[in-house]
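Reading through the C-alpha coordinates given below for one structure.
All of these numbers come straight from a predicted model, not from anything done at the bench. Lettering of chains follows the sequences in order, A, B, ..., and the numbering in each one begins at 1.
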Number of protein chains: 2
Amino acid sequence: MTSLEALCVQRGLRLTEHRRIVLEVLEAADDHPCVREIHRRAADGHRIGIATVYRTLNTLVEAGLVKRQAFPDGKAHYERAGRPSHPHLIDVATGTIVEIDDVGLESLLEQEARKLGYNLVDYSLKLFARSR
Amino acid sequence: MTSLEALCVQRGLRLTEHRRIVLEVLEAADDHPCVREIHRRAADGHRIGIATVYRTLNTLVEAGLVKRQAFPDGKAHYERAGRPSHPHLIDVATGTIVEIDDVGLESLLEQEARKLGYNLVDYSLKLFARSR
DNA sequence: CTAAATGCAAATCATTTGCAAAGAG
DNA sequence: CTCTTTGCAAATGATTTGCATTTAG
(Lines give C-alpha, C1' and ligand atoms only; values in the text may rest on other atoms or scores of the structure.)
Protein backbone atom coordinates (compact mmCIF):
# COMPACT_ATOMS: atom_id res chain seq x y z
CA MET A 1 0.00 0.00 0.00
CA THR A 2 1.46 3.35 -0.99
CA SER A 3 1.55 6.27 1.41
CA LEU A 4 -1.09 7.93 -0.73
CA GLU A 5 -3.44 4.98 -0.41
CA ALA A 6 -2.71 4.92 3.32
CA LEU A 7 -3.55 8.62 3.53
CA CYS A 8 -6.85 8.10 1.76
CA VAL A 9 -7.84 5.15 3.90
CA GLN A 10 -6.93 6.90 7.15
CA ARG A 11 -8.68 10.13 6.28
CA GLY A 12 -11.71 8.73 4.52
CA LEU A 13 -10.57 10.40 1.31
CA ARG A 14 -11.14 9.04 -2.14
CA LEU A 15 -8.18 7.68 -4.02
CA THR A 16 -8.50 9.57 -7.28
CA GLU A 17 -6.39 9.56 -10.39
CA HIS A 18 -5.69 13.27 -9.89
CA ARG A 19 -4.19 12.76 -6.46
CA ARG A 20 -2.02 9.98 -7.80
CA ILE A 21 -0.82 12.14 -10.70
CA VAL A 22 0.13 15.15 -8.56
CA LEU A 23 2.08 12.97 -6.17
CA GLU A 24 3.78 11.23 -9.09
CA VAL A 25 4.85 14.55 -10.55
CA LEU A 26 6.52 15.41 -7.26
CA GLU A 27 8.07 11.95 -6.95
CA ALA A 28 9.61 12.43 -10.37
CA ALA A 29 10.73 16.00 -9.80
CA ASP A 30 14.34 16.71 -8.96
CA ASP A 31 13.62 20.43 -8.62
CA HIS A 32 11.15 22.55 -6.62
CA PRO A 33 8.24 23.30 -8.92
CA CYS A 34 5.62 25.96 -8.25
CA VAL A 35 1.92 25.23 -8.69
CA ARG A 36 1.81 26.49 -12.26
CA GLU A 37 4.68 24.18 -13.16
CA ILE A 38 3.20 21.18 -11.33
CA HIS A 39 -0.04 21.77 -13.20
CA ARG A 40 1.85 21.94 -16.49
CA ARG A 41 3.52 18.60 -15.81
CA ALA A 42 0.38 16.98 -14.45
CA ALA A 43 -1.74 18.16 -17.37
CA ASP A 44 0.62 16.53 -19.84
CA GLY A 45 -1.67 13.90 -21.26
CA HIS A 46 -4.33 14.43 -18.60
CA ARG A 47 -7.29 16.69 -18.01
CA ILE A 48 -6.79 18.45 -14.69
CA GLY A 49 -7.72 21.96 -13.56
CA ILE A 50 -5.30 24.15 -11.67
CA ALA A 51 -7.77 24.50 -8.79
CA THR A 52 -7.56 20.75 -8.33
CA VAL A 53 -3.78 20.99 -8.18
CA TYR A 54 -4.05 23.63 -5.45
CA ARG A 55 -6.58 21.57 -3.50
CA THR A 56 -4.60 18.36 -3.89
CA LEU A 57 -1.36 20.00 -2.80
CA ASN A 58 -3.06 21.39 0.30
CA THR A 59 -4.34 17.93 1.14
CA LEU A 60 -0.92 16.38 0.63
CA VAL A 61 0.81 19.07 2.68
CA GLU A 62 -1.66 18.64 5.54
CA ALA A 63 -1.05 14.91 5.41
CA GLY A 64 2.70 15.49 5.53
CA LEU A 65 3.37 13.77 2.20
CA VAL A 66 4.53 16.98 0.55
CA LYS A 67 6.40 20.03 1.77
CA ARG A 68 5.55 23.61 0.85
CA GLN A 69 8.25 26.27 0.80
CA ALA A 70 7.86 30.04 0.52
CA PHE A 71 10.36 31.24 -2.08
CA PRO A 72 11.49 34.80 -2.71
CA ASP A 73 9.63 34.87 -6.03
CA GLY A 74 6.43 35.22 -3.99
CA LYS A 75 5.12 31.81 -4.96
CA ALA A 76 4.95 28.58 -3.01
CA HIS A 77 7.20 25.76 -4.25
CA TYR A 78 6.69 22.11 -3.45
CA GLU A 79 8.69 18.97 -3.01
CA ARG A 80 8.01 15.41 -1.92
CA ALA A 81 8.40 15.10 1.85
CA GLY A 82 9.93 12.21 3.73
CA ARG A 83 13.50 12.96 2.85
CA PRO A 84 15.40 14.87 5.51
CA SER A 85 15.37 18.64 5.11
CA HIS A 86 18.25 20.02 3.12
CA PRO A 87 19.52 23.49 2.38
CA HIS A 88 18.96 25.25 -0.95
CA LEU A 89 21.36 27.53 -2.68
CA ILE A 90 19.72 30.23 -4.77
CA ASP A 91 21.76 31.93 -7.46
CA VAL A 92 20.86 35.59 -6.98
CA ALA A 93 21.65 36.40 -10.60
CA THR A 94 19.55 33.73 -12.29
CA GLY A 95 17.18 32.39 -9.61
CA THR A 96 18.50 28.88 -10.18
CA ILE A 97 17.98 26.61 -7.19
CA VAL A 98 20.67 24.12 -6.23
CA GLU A 99 20.15 21.46 -3.60
CA ILE A 100 22.89 21.08 -1.03
CA ASP A 101 23.74 17.99 0.92
CA ASP A 102 22.94 18.35 4.59
CA VAL A 103 25.98 19.85 6.25
CA GLY A 104 25.09 18.17 9.50
CA LEU A 105 23.12 21.03 10.94
CA GLU A 106 20.15 19.19 12.24
CA SER A 107 21.40 18.35 15.72
CA LEU A 108 22.87 21.84 16.07
CA LEU A 109 19.50 23.33 15.21
CA GLU A 110 17.70 20.97 17.56
CA GLN A 111 19.89 22.13 20.43
CA GLU A 112 19.25 25.74 19.52
CA ALA A 113 15.48 25.21 19.52
CA ARG A 114 15.64 23.33 22.81
CA LYS A 115 17.51 26.21 24.43
CA LEU A 116 14.50 28.38 23.65
CA GLY A 117 12.04 25.84 24.98
CA TYR A 118 10.96 24.36 21.66
CA ASN A 119 11.15 21.06 19.83
CA LEU A 120 12.43 21.32 16.27
CA VAL A 121 9.84 20.16 13.75
CA ASP A 122 11.59 21.15 10.55
CA TYR A 123 13.88 23.80 9.16
CA SER A 124 14.50 25.80 6.02
CA LEU A 125 17.91 27.09 5.03
CA LYS A 126 18.49 29.14 1.91
CA LEU A 127 21.86 30.42 0.81
CA PHE A 128 21.79 33.39 -1.52
CA ALA A 129 24.94 33.39 -3.58
CA ARG A 130 26.60 34.66 -6.72
CA SER A 131 28.43 32.40 -9.13
CA ARG A 132 32.12 33.11 -9.57
CA MET B 1 24.67 61.87 6.69
CA THR B 2 22.32 58.96 7.19
CA SER B 3 22.40 55.95 4.91
CA LEU B 4 19.06 57.09 3.52
CA GLU B 5 20.44 60.47 2.56
CA ALA B 6 23.46 58.73 1.07
CA LEU B 7 21.16 56.47 -0.92
CA CYS B 8 19.23 59.42 -2.29
CA VAL B 9 22.35 61.35 -3.23
CA GLN B 10 24.00 58.36 -4.90
CA ARG B 11 20.93 57.38 -6.87
CA GLY B 12 19.63 60.81 -7.73
CA LEU B 13 16.49 60.13 -5.69
CA ARG B 14 14.59 62.71 -3.72
CA LEU B 15 14.82 62.62 0.02
CA THR B 16 11.16 62.65 0.95
CA GLU B 17 9.45 62.60 4.28
CA HIS B 18 7.75 59.33 3.30
CA ARG B 19 11.03 57.55 2.71
CA ARG B 20 12.32 58.79 6.03
CA ILE B 21 9.21 57.60 7.83
CA VAL B 22 9.23 54.08 6.36
CA LEU B 23 12.88 53.64 7.24
CA GLU B 24 12.26 54.99 10.75
CA VAL B 25 9.46 52.50 11.26
CA LEU B 26 11.86 49.70 10.41
CA GLU B 27 14.63 51.16 12.56
CA ALA B 28 12.23 51.16 15.49
CA ALA B 29 10.80 47.70 14.82
CA ASP B 30 12.01 44.77 16.84
CA ASP B 31 9.83 42.37 14.88
CA HIS B 32 9.33 41.56 11.18
CA PRO B 33 6.33 43.55 10.02
CA CYS B 34 4.46 42.94 6.78
CA VAL B 35 3.53 45.78 4.46
CA ARG B 36 0.09 46.26 5.96
CA GLU B 37 1.64 46.58 9.40
CA ILE B 38 4.39 48.93 8.24
CA HIS B 39 1.73 51.09 6.63
CA ARG B 40 -0.29 51.08 9.85
CA ARG B 41 2.72 52.26 11.83
CA ALA B 42 3.83 54.79 9.24
CA ALA B 43 0.34 56.24 8.86
CA ASP B 44 0.17 56.94 12.58
CA GLY B 45 0.04 60.71 12.50
CA HIS B 46 0.95 60.92 8.81
CA ARG B 47 -0.81 60.80 5.49
CA ILE B 48 0.73 58.00 3.42
CA GLY B 49 -0.82 55.58 0.95
CA ILE B 50 -0.08 51.90 1.00
CA ALA B 51 1.15 52.04 -2.61
CA THR B 52 3.84 54.45 -1.46
CA VAL B 53 4.87 52.02 1.25
CA TYR B 54 5.22 49.27 -1.36
CA ARG B 55 7.21 51.53 -3.68
CA THR B 56 9.41 52.82 -0.91
CA LEU B 57 10.14 49.35 0.41
CA ASN B 58 11.13 48.19 -3.07
CA THR B 59 13.50 51.13 -3.38
CA LEU B 60 15.03 50.45 0.02
CA VAL B 61 15.40 46.74 -0.70
CA GLU B 62 17.11 47.46 -4.03
CA ALA B 63 19.43 49.84 -2.25
CA GLY B 64 20.24 47.18 0.32
CA LEU B 65 18.98 49.24 3.27
CA VAL B 66 16.14 46.85 3.99
CA LYS B 67 15.74 43.11 3.73
CA ARG B 68 12.65 41.35 2.42
CA GLN B 69 11.80 37.86 3.62
CA ALA B 70 9.26 35.44 2.23
CA PHE B 71 7.34 34.02 5.16
CA PRO B 72 5.04 31.00 5.16
CA ASP B 73 1.99 33.23 5.61
CA GLY B 74 2.38 34.14 1.93
CA LYS B 75 3.27 37.76 2.63
CA ALA B 76 6.62 39.50 2.48
CA HIS B 77 8.04 40.67 5.80
CA TYR B 78 10.70 43.34 6.16
CA GLU B 79 13.50 44.29 8.51
CA ARG B 80 16.25 46.85 8.56
CA ALA B 81 19.37 45.48 6.82
CA GLY B 82 22.94 46.01 7.88
CA ARG B 83 22.88 43.75 10.86
CA PRO B 84 24.29 40.30 10.25
CA SER B 85 21.75 37.73 9.14
CA HIS B 86 20.22 35.75 11.95
CA PRO B 87 17.98 32.71 12.10
CA HIS B 88 14.29 32.91 12.93
CA LEU B 89 12.34 30.40 14.94
CA ILE B 90 8.70 30.10 13.93
CA ASP B 91 6.27 28.58 16.40
CA VAL B 92 4.24 26.26 14.19
CA ALA B 93 1.26 26.43 16.53
CA THR B 94 0.93 30.22 16.81
CA GLY B 95 3.03 31.67 13.98
CA THR B 96 5.05 33.67 16.51
CA ILE B 97 8.49 34.63 15.22
CA VAL B 98 11.46 34.55 17.58
CA GLU B 99 14.87 35.90 16.62
CA ILE B 100 17.81 33.66 17.39
CA ASP B 101 21.37 34.76 18.03
CA ASP B 102 23.69 33.74 15.26
CA VAL B 103 24.96 30.28 16.06
CA GLY B 104 28.13 30.94 14.12
CA LEU B 105 27.00 29.47 10.86
CA GLU B 106 28.22 32.12 8.50
CA SER B 107 31.71 30.79 7.82
CA LEU B 108 30.36 27.26 7.54
CA LEU B 109 27.85 28.43 4.96
CA GLU B 110 30.46 30.42 3.09
CA GLN B 111 32.59 27.30 2.74
CA GLU B 112 29.61 25.34 1.54
CA ALA B 113 28.80 27.94 -1.12
CA ARG B 114 32.44 28.12 -2.20
CA LYS B 115 32.53 24.34 -2.68
CA LEU B 116 29.76 24.77 -5.24
CA GLY B 117 31.52 27.61 -6.99
CA TYR B 118 29.58 30.48 -5.43
CA ASN B 119 30.19 33.42 -3.13
CA LEU B 120 27.72 33.69 -0.28
CA VAL B 121 25.74 36.93 -0.42
CA ASP B 122 23.27 36.27 2.37
CA TYR B 123 21.32 33.47 3.95
CA SER B 124 17.97 32.73 5.51
CA LEU B 125 17.43 30.12 8.17
CA LYS B 126 14.05 29.35 9.65
CA LEU B 127 13.45 26.80 12.37
CA PHE B 128 9.93 25.46 12.60
CA ALA B 129 9.30 24.31 16.12
CA ARG B 130 6.67 23.48 18.69
CA SER B 131 6.70 24.89 22.21
CA ARG B 132 7.01 22.34 25.00
C1' DC C 1 9.94 75.52 -13.22
C1' DT C 2 10.68 70.31 -14.11
C1' DA C 3 11.20 65.77 -13.16
C1' DA C 4 10.33 62.61 -9.52
C1' DA C 5 7.06 61.09 -5.94
C1' DT C 6 2.39 60.35 -4.27
C1' DG C 7 -2.61 58.90 -3.83
C1' DC C 8 -6.18 56.60 -5.65
C1' DA C 9 -8.24 53.28 -8.29
C1' DA C 10 -7.78 49.88 -11.62
C1' DA C 11 -4.83 45.99 -13.06
C1' DT C 12 -2.26 41.83 -12.18
C1' DC C 13 -0.85 37.45 -9.82
C1' DA C 14 -1.20 33.73 -6.68
C1' DT C 15 -4.50 31.29 -4.24
C1' DT C 16 -9.23 30.06 -2.55
C1' DT C 17 -14.08 29.18 -2.94
C1' DG C 18 -19.11 28.45 -4.65
C1' DC C 19 -21.72 25.62 -7.35
C1' DA C 20 -23.28 22.39 -10.73
C1' DA C 21 -21.58 18.26 -13.04
C1' DA C 22 -18.72 13.95 -12.85
C1' DG C 23 -16.83 10.11 -10.34
C1' DA C 24 -15.50 6.85 -6.32
C1' DG C 25 -17.09 3.48 -3.21
C1' DC D 1 -27.23 5.86 -5.04
C1' DT D 2 -24.67 9.13 -1.86
C1' DC D 3 -21.15 11.88 -0.78
C1' DT D 4 -16.58 13.47 -2.34
C1' DT D 5 -14.03 15.55 -5.98
C1' DT D 6 -13.54 18.30 -9.98
C1' DG D 7 -13.77 22.26 -13.36
C1' DC D 8 -14.84 26.64 -14.20
C1' DA D 9 -15.49 31.09 -13.06
C1' DA D 10 -15.96 34.39 -9.63
C1' DA D 11 -13.93 35.98 -5.15
C1' DT D 12 -10.03 37.22 -2.32
C1' DG D 13 -5.64 39.07 -0.85
C1' DA D 14 -1.04 40.76 -1.88
C1' DT D 15 1.41 43.60 -4.88
C1' DT D 16 2.03 46.60 -9.00
C1' DT D 17 0.83 50.18 -12.18
C1' DG D 18 -1.47 54.26 -14.84
C1' DC D 19 -2.49 58.81 -14.43
C1' DA D 20 -3.57 63.28 -12.65
C1' DT D 21 -1.81 66.01 -8.82
C1' DT D 22 1.70 67.43 -5.56
C1' DT D 23 6.36 68.45 -4.25
C1' DA D 24 11.64 68.35 -3.77
C1' DG D 25 15.40 70.41 -5.67
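Partners of B:H39 by ring-ring contact (aromatic ring centres under 6.0 Å, His included), not counting sequence neighbours: none found. Residues meeting the salt bridge (charged side-chain N to carboxylate O under 4.0 Å, His left out) test with B:D122, sequence neighbours left out: B:K67. In terms of the side-chain hydrogen bond (donor to acceptor under 3.5 Å, both in side chains) criterion, residue partners of A:H77 (sequence neighbours excluded) are, by chain and number, A:D73. Listed by chain and number, the residues in a side-chain hydrogen bond (donor to acceptor under 3.5 Å, both in side chains) with B:D31 are B:R41 (sequence neighbours excluded).
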Donor-acceptor contacts under 3.5 Å from residues 124-132 of chain B side chains, at least two apart:
from: B:S124; atom 1: OG; to: B:K126; atom 2: NZ; distance (Å): 3.2
from: B:R132; atom 1: NE; to: A:Y118; atom 2: O; distance (Å): 3.4
from: B:R132; atom 1: NE; to: A:N119; atom 2: OD1; distance (Å): 3.4
from: B:R132; atom 1: NH2; to: A:R114; atom 2: O; distance (Å): 3.3

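If you measure from atom CG of A:L7 to atom C1' of D:dT4, you get 14 Å, rounded to the nearest angstrom.
If one axis is set at each end of the helix from C:dC1-D:dG25 to C:dG25-D:dC1 from five pairs, those axes are 30° apart, to 10°.
Among pairs with a residue in residues 12-28 of chain B, those fulfilling side chain to side chain donor-acceptor pair (under 3.5 Å) read B:E27-B:R80, at least two apart in sequence or across chains. Residue pairs meeting the salt bridge (Lys or Arg N to Asp or Glu O under 4.0 Å) criterion with at least one partner in residues 42-58 of chain B, sequence neighbours excluded, do not occur; the list is empty.
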Legend entry - Under 4.0 Å protein heavy-atom contact, by nucleotide of nucleotides 19-25 of chain D - B base, S sugar-phosphate only: ----BBS
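Nucleotides of DNA chain C lying under 4.0 Å from heavy atoms of chain A occupy a range whose first and last members, 5' to 3', are C:dA14 to C:dG25.
Near DNA chain D, meaning a heavy atom under 4.0 Å from it, residues 61-79 of chain A has no residue at all. Contacts with DNA chain D (heavy atom under 4.0 Å) in residues 26-48 of chain B: B:V35, B:R36, listed by number.
Few gaps surround CZ on A:R11; more than 12 heavy atoms of other groups in view lie less than 6.0 Å from it.
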